[in-house]
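Notes follow once the structure below has been shown.
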Amino acid sequence: MRRTFAVSTARLRIMMEAFRGEMRRGLNGKPSSLRMLPAYVDRPTGRERGTFLALDLGGTNVRVLQVDLPGDGRLPVCAEDRFVLSRDKVTADGSVLFGALARFIGRFLRERRLSGRLPLGFTFSFPLRQASIAGGELIAWTKGWTAEGVVGRDVAALLNRALAAERISGVRVVSLNNDTTGTLMARAYLDPDCDAGCILGTGTNICYRERTSEIRKPVGPHGRDHMIINMESGNFNAVLPRNRFDVLLDRSSANPGLQAEEKMVSGKYLGELARMAVVELCGRGRLFGGRLPEIFSRREAFGSERLSEIEKDDSASADGVREFLWDWGARPAAAGDARLLRDVVRAVSGRAARLAAATLGATVTKNDPALEAKHSIAVDGSVFHKYPGFKARMEETLRELFGGRGGRIALAPMRDGSGLGAAVIAAVAAESAKTGGKKPGAGW
Ligand code: BGC
């Protein structure tokens with residue numbers, strides 16, 4: 001299995017070259033697996049100030065925040081509440097989803113006794129085609145979401161309509177952004193070296209700062225010399241080292257043919273890849289004496305959190321892994337089985353970390369091939385923060401690819417940045433409305 005999931009340095013280099021090629025093609029409006037979506041916002045100055053609401057829709061965990069931006073180098077102050085969307089809300093009709101979001105906002109306002117006019121920045125963690133900072137259409141659902149009637153619609157308008165239906169008249173969406181952009185903006189508010197954002201969680205994606213002169217495809221009016229570009233890098237599919245498990249996983253997914261890199265790297269899929277490898281080894285009689293434990297027998301039953309648990313045990317005996325298997329209801333496992341299982345898991349997560357590092361390396365070296373400058377990449381997501389050794393393996397891969405200069409790419413952990421970032425973007429939108437004489441969220 002180690003060989004099945006191995007990716008050589010040479011292969012990573014070829015992949016990086018292909019990635020930069022796809023970046024250029026996407027910016028030029030040519031067919032590309034990287035969508036290269038302009039976000040109509042540049043890095044903040046750090047002087048943005050005021051009170052804003054933010055809605056952070058990342059997964060089934062939704063956050064509503066009230067953010068005070070001081071604008072003078074001090075840390076922003078955030079108050080937040082978390083809500084959980086039940087599974088039926090993300091797979092039923094879109095009106096059910098947006099109705100629930102509006103009610104969460106209503107509850108937040110009531111509980112905090114907030115009233116008056118509150119501009120809201122909306123983080124929407126899916127591919128968005130924007131023509132301005134104020135709104136954008138959902139291109140396609142990812143990460144298993146399927147709510148109907150939302151693809152092709154302006155999600156900021158859908159939320160504004162749902163707020164109106166709930167008679168929440170003081171709140172209006174003034175800006176819309178992807179979670180990678182939110183993460184970059186949150187970090188960049190206090191860190192001027194931050195020029196990219198990355199999510200390594202249930203899904204994965206990268207955004208970065210680009211000169212607008214490099215964007216040759218038609219874009220809406222923006223008046224900026226730099227913009228953040230949401231690459232939708234999870235959809236990257238050129239020269240990826242896919243194996244038989246990747247092909248099988250894709251076929252049985254909710255979006256076959258899409259998000260190829262995401263399906264090799266992100267938390268939604270790592271457990272399933274490992275499970276499929278276990279099933280194969282067991283079928284060949286090489287694991288668990290050919291008798292598959294229940295936990296591996298159902299699709300998606302073996303989640304990525306379980307992989308983290310397994311990798312937490314790095315003892316030679318793998319006794320911890322045997323205990324976990326026992327806790328998860330498997331028959332007592334032999335030490336050899338526990339070790340082989342851990343090897344499978346390490347192979348799957350190791351490949352993910354290497355691919356994630358290579359795509360970040362490719363992103364940064366498009367405009368700085370010799371890594372002359374320092375680049376700080378704001379990174380958020382459960383895989384990055386919680387998976388044992390994931391960050392270290394990414395850093396090791398960056399050194400392998402760029403030698404000592406790999407250290408110029410700093411992976412800066414940014415927890416829950418996309419909510420704060422949405423507020424920073426709302427502030428930028430408010431600023432440019434003042435200076436450009438245009439009201440954000442027309443008609444409010
Ligand atoms: C979505 C991206 C998002 C990423 C991380 C992907 O599935 O397409 O828009 O940034 O997940 O949440």
Side-chain angles (χ1 to χ4, degrees), residues 22 26 32-41 54-63 85 90-91 121-130 135-147 150-153 155-156 176-187 196-208 228-237 249-250 253-270 272 304 352 355-356 359-360 363 377-387 390 413-422 425:
E22 292 282 275
S32 166
S33 62
L34 295 178
R35 297 185 195 272
M36 307 304 283
L37 304 162
Y40 293 87
V41 69
L55 175 68
D56 185 6
L57 178 68
T60 43
N61 276 314
V62 181
R63 295 188 307 140
L85 280 170
V90 307
T91 50
F122 183 13
T123 291
F124 188 78
S125 308
F126 299 93
L128 287 170
R129 186 174 295 110
Q130 295 186 262
E137 291 169 4
L138 171 63
I139 299 175
W141 284 121
T142 57
K143 298 177 278 199
W145 286 44
T146 54
V150 189
V151 173
R153 308 279 297 279
V155 294
L176 180 67
N177 60 273
N178 180 259
D179 51 351
T180 48
T181 315
T183 303
L184 182 158
M185 295 295 280
R187 170 104 203 161
C198 172
I199 304 288
L200 284 163
T202 308
T204 188
N205 189 10
I206 304 171
C207 72
Y208 76 112
I228 310 303
I229 304 283
N230 165 18
M231 292 201 277
E232 287 296 329
S233 62
N235 197 47
F236 176 65
N237 67 11
L249 183 141
D250 180 55
S253 69
N255 51 354
L258 294 174
Q259 301 295 104
E261 196 250 0
E262 175 163 277
K263 288 173 184 163
M264 303 169 87
V265 162
S266 79
K268 176 155 177 64
Y269 305 102
L270 293 183
E272 182 61 7
S304 301
L355 296 180
T359 50
L360 283 175
T363 303
I377 304 178
V379 193
D380 201 354
S382 49
V383 171
F384 183 74
H385 293 308
K386 297 196 189 142
Y387 203 101
F390 204 88
M414 188 70 219
R415 278 180 200 271
D416 293 339
S418 50
L420 165 59
I425 296 171

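By convention here, the first residue in the shown sequence is residue 1. Atoms within each ligand, like the ligands themselves, are counted from 1 in listed order.
No donor-acceptor distance shorter than 3.5 angstrom exists from the side chain of T123 to the backbone of D56, with no hydrogens or angles considered. Checked by atom type and distance alone, the side chain of N237 never pairs as donor or acceptor with a backbone atom of S33 at under 3.5 Å. Here the side chain of T363 pairs a donor or acceptor atom with the backbone of T359 at under 3.5 angstrom.
No side-chain N or O of S418 forms a donor-acceptor pair with one of D179 less than 3.5 Å apart.
Taking 4.5 Å as the limit, some side-chain heavy atom of L200 sits within range of a side-chain heavy atom of V265.
Using the six-membered ring where Trp is involved, W141 and F126 have ring planes that are perpendicular, over 60° apart on the 30 and 60° scheme.
If you look at ligand 1, the protein residues with a non-hydrogen atom under 4.0 Å away are S125, F126, P127, T142, K143, N178, D179, I199, G203, T204, N205, E232, Q259, E262.
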